[in-house]
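Heads up: the structure comes next, in structure tokens.
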Amino acid sequence: MTNPEVVAILERIGDLLEIKGESRFKVIAYRKAAEQVRDLGRDLAAVHREGGLDAIPGFGAAIAAKVAELLDTGSLGYYTKLIEEIPASLAELLRVPDMGPKKVKLLWEQLGVVDLPGLAAAAAAGRLRDLPGMGEKSEARVLAGIQAMATRSDRAPLGDALPVAEAIAADLRALPGVVAVEPAGSLRRRKETVGDLDILAAAVDAAPVIQAFVSRPDVGRILGQGPVKASVELVTGMRAQLWVHPPAHFGSALLYATGSKDHNVALREFALAQGLSLSEHGLKRLADGEEIRFATETALYAALGLPFIAPELREGRGEVAAARAGRLPRLVESSDVVSTLHNHSDWSDGKATILEMAEAAIARGLKVLAITDHSGGLGITQGPKEKDLPRQREAVRAAQVRLGDRIRLLQGSEVEIRADGSLDFSDAALAQLDIVVASMHVSLRQSRDQVTARMLAAIHNPHVDIIGHPTGRMIPDRARADLDLDAVLAAAATTGVALEINANPRRLDLSDVLARRALEAGCLLSINTDAHQPDHFDFLHFGVAVARRAGAEPERIINCWTPERLLAWLADRGRP
DNA sequence: GCCGTTTTCGGCCCGACTGTTTTCAGTCG
């Protein structure tokens, strides 16, 4: 039984218990456990073999026993009994917008509706409007919701969502009376995919801002509109919502809108323990009802006795406790990154010359640029063959002469890890290069044993310095290779090979979860844009965001080292 | 069902919006 299968069952149990009307805290417990497994970054079965299930946060005696049963036997008696009592298909009804557990239960008990087609039929036949608490509008909403489900786009990649949100924010900022606008939500936390766009504005008079938002030409329909918030569906299918708060509240409002929900809950509980009630409007002292407002998040955290917690860490994974204990990491920032070590030029599938790439890197303040064109064996990119490397070395040297000391160029390669586990260049050729990134682009669907053996062979090759986009996943639709990550991370940690966080928003590989695990395993990381043209260097912040979500400090990221230290590290690894 | 700087039992966030209601329940974030 795989992690996603366990997640699905835990979530399903939570859904069914909610419909059944069980204690909401029990429901939350199952959902939290599911969330933990989703973000575990490890094979749950392996954790179970080590006897570590009950060490997972949110796993108590009851859930640990149930998950153990699932992993051991492939089934769960508790779940089997549950779905005899409540049709499992009812859970899918919760996905319909505006359908919650109470309505699902009502429909099931009163009309015998058990699945989506049944719901659609009942709504179309006009049988919903006579149920208690429902009417014609509710019925129409259900029908519209089912239709929206069919067409509604899934979570959007961060790289697609960010420009849309920033465009909306820029338009709102230009309105008279608007003091500030910030994209918030999962976007501000830099999750790799984003559901809805959450945008927060500060203005004394909310009405004109709300009106401007819902009147945008790219709005397909208005989903809701009130005096302080509105939500819309854009013509692209993406959803966006806007809150407008007075500037004096902006700190607490931004905190609220940024989330995550779990972070907010943890913070509100922490506030309550101090006799303070926290909402988007600020803090309220329970003793005397006095309200305290905050124009900035920093001031609000300070009032709770906490340092500022970076949005990327606000996932409800213990960051509030860490902040309280003074154990927050000094997170890497884009300005810490001085080297870019995986980049392409027109020597393979890049769109620019070495010199053009160097000028672009200099313009962004970088001090070291490695040109790592694809090895010729990856035919489609027309990269240099082994015999071409000396000629490319001359080209890099010539460019270096032109550039002087404005930037340090390295001649490297993104050498292909072939399907049989060998590398595309001989050891002798690799030994002549300044830096070597080894990556897989082919045969990613091999068996776990095969693909892991290939990766381990590359990591153990003494001429390899970095593993590029280690898992091969693409956002949103290509799953990662089926690697034994425990083995890969252990090998990288012992050999000192750095694992890449590829900053291309379609890759973000390693992911935040795996990068965190790599750090725990003792690995070095390398954030690279994998630039194929000059403006790709602007992807850097995406990679930095992944590292920040992983809790990475600059010390563990080789791109943050001074050029001298980086070159010394390469020399230690046997570089010329 | 989980969890602990107040608790091993009794807690477990807070408010906006909608639709159906004459004061609230359900849903959402």
Side-chain angles (χ1 to χ4, degrees), chain A residues 10 13-14 17-19 21-36 54-67 78 93-107 128-142 144-145 184-186 195-200 206 210 222-232 239-245 249 252-253 255-284 286 291 305 316 318 320-321 324-325:
Chain A
L10 290 173
I13 291 174
L17 290 177
E18 188 175 34
I19 293 167
E22 273 280 3
S23 149
R24 63 194 178 96
F25 302 110
K26 191 188 275 196
V27 172
I28 289 169
Y30 279 97
R31 293 195 176 142
K32 278 193 169 162
E35 185 68 19
Q36 285 294 330
D54 41 16
I56 298 173
F59 272 51
I63 289 183
K66 289 189 176 76
V67 170
Y78 175 79
L93 298 181
L94 292 175
R95 312 284 166 262
V96 179
D98 300 317
M99 287 287 289
K102 301 285 167 53
K103 286 189 189 170
V104 170
K105 185 164 194 249
L106 186 70
L107 285 159
L128 267 47
R129 63 184 68 178
D130 296 329
L131 293 171
M134 297 193 72
E136 288 185 31
K137 283 194 177 176
S138 312
E139 191 173 87
R141 276 175 89 104
V142 168
S186 52
D196 299 349
L197 306 179
D198 296 314
I199 299 170
L200 178 72
I210 298 273
I222 301 170
L223 302 171
Q225 182 179 354
V228 303
K229 68 176 275 198
S231 84
V232 300
R239 291 182 174 205
Q241 59 185 332
L242 173 73
W243 290 268
V244 185
H245 279 266
H249 295 191
S252 52
L255 186 84
Y256 162 76
T258 299
S260 65
K261 188 181 168 105
D262 287 341
H263 178 77
N264 288 349
V265 169
L267 214 53
R268 285 170 179 189
E269 286 175 351
F270 184 65
L272 269 183
Q274 301 178 46
L276 298 163
S277 170
L278 171 62
S279 77
E280 56 265 48
H281 305 297
L283 284 174
K284 196 192 310 187
L286 295 175
E291 295 183 1
V320 173
R324 180 180 192 196

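Remember, it's a predicted structure, so these values are computed and weren't measured experimentally. Proteins come first, then strands; the chains are lettered A, B, ... in the order of their sequence lines, and each starts at number 1.
At a threshold of 4.0 angstrom between heavy atoms, the contacts of E22(A) with the nucleic acid are absent. Note on K229(A): only backbone sugar-phosphate atoms sit closer than 4.0 angstrom, heavy atoms only; bases stay farther off. At a threshold of 4.0 angstrom between heavy atoms, the contacts of P132(A) with the nucleic acid are absent. Within the nucleic acid shown, K66(A) comes within 4.0 Å of sugar-phosphate atoms alone, with no base atom in reach, counting heavy atoms only. Backbone-only contact: K103(A) has heavy atoms under 4.0 Å from sugar-phosphate atoms and none from a base. Within the nucleic acid shown, A61(A) comes within 4.0 Å of sugar-phosphate atoms alone, with no base atom in reach, counting heavy atoms only. Nucleic acid contact class of L278(A) (heavy atoms, under 4.0 Å, all strands): sugar-phosphate only.
Looking only at side-chain heavy atoms (C-beta outward), H263(A) and S260(A) come within less than 4.5 Å of each other.
Between the CG atom of D198(A) and the P atom of dA16(B) there is a distance of 16 Å, given to the nearest Å. Between I56(A) atom CD1 and dG1(B) atom C1' the separation is 16 Å, expressed in whole Å.
Of the side-chain N and O atoms in Y30(A), one or more sit less than 4.0 angstrom from OP1 or OP2 of dG1(B). For R141(A), no side-chain nitrogen or oxygen approaches OP1 or OP2 of dT18(B) to under 4.0 Å.
Base pairing of dT8(B) is not made with any nucleotide, judged by Watson-Crick or G-U wobble geometry with both donor-acceptor distances under 3.5 Å.
Comparing the same atom, P, in dG29(B) and in dT22(B) gives a spacing of 27 Å after rounding to whole Å.
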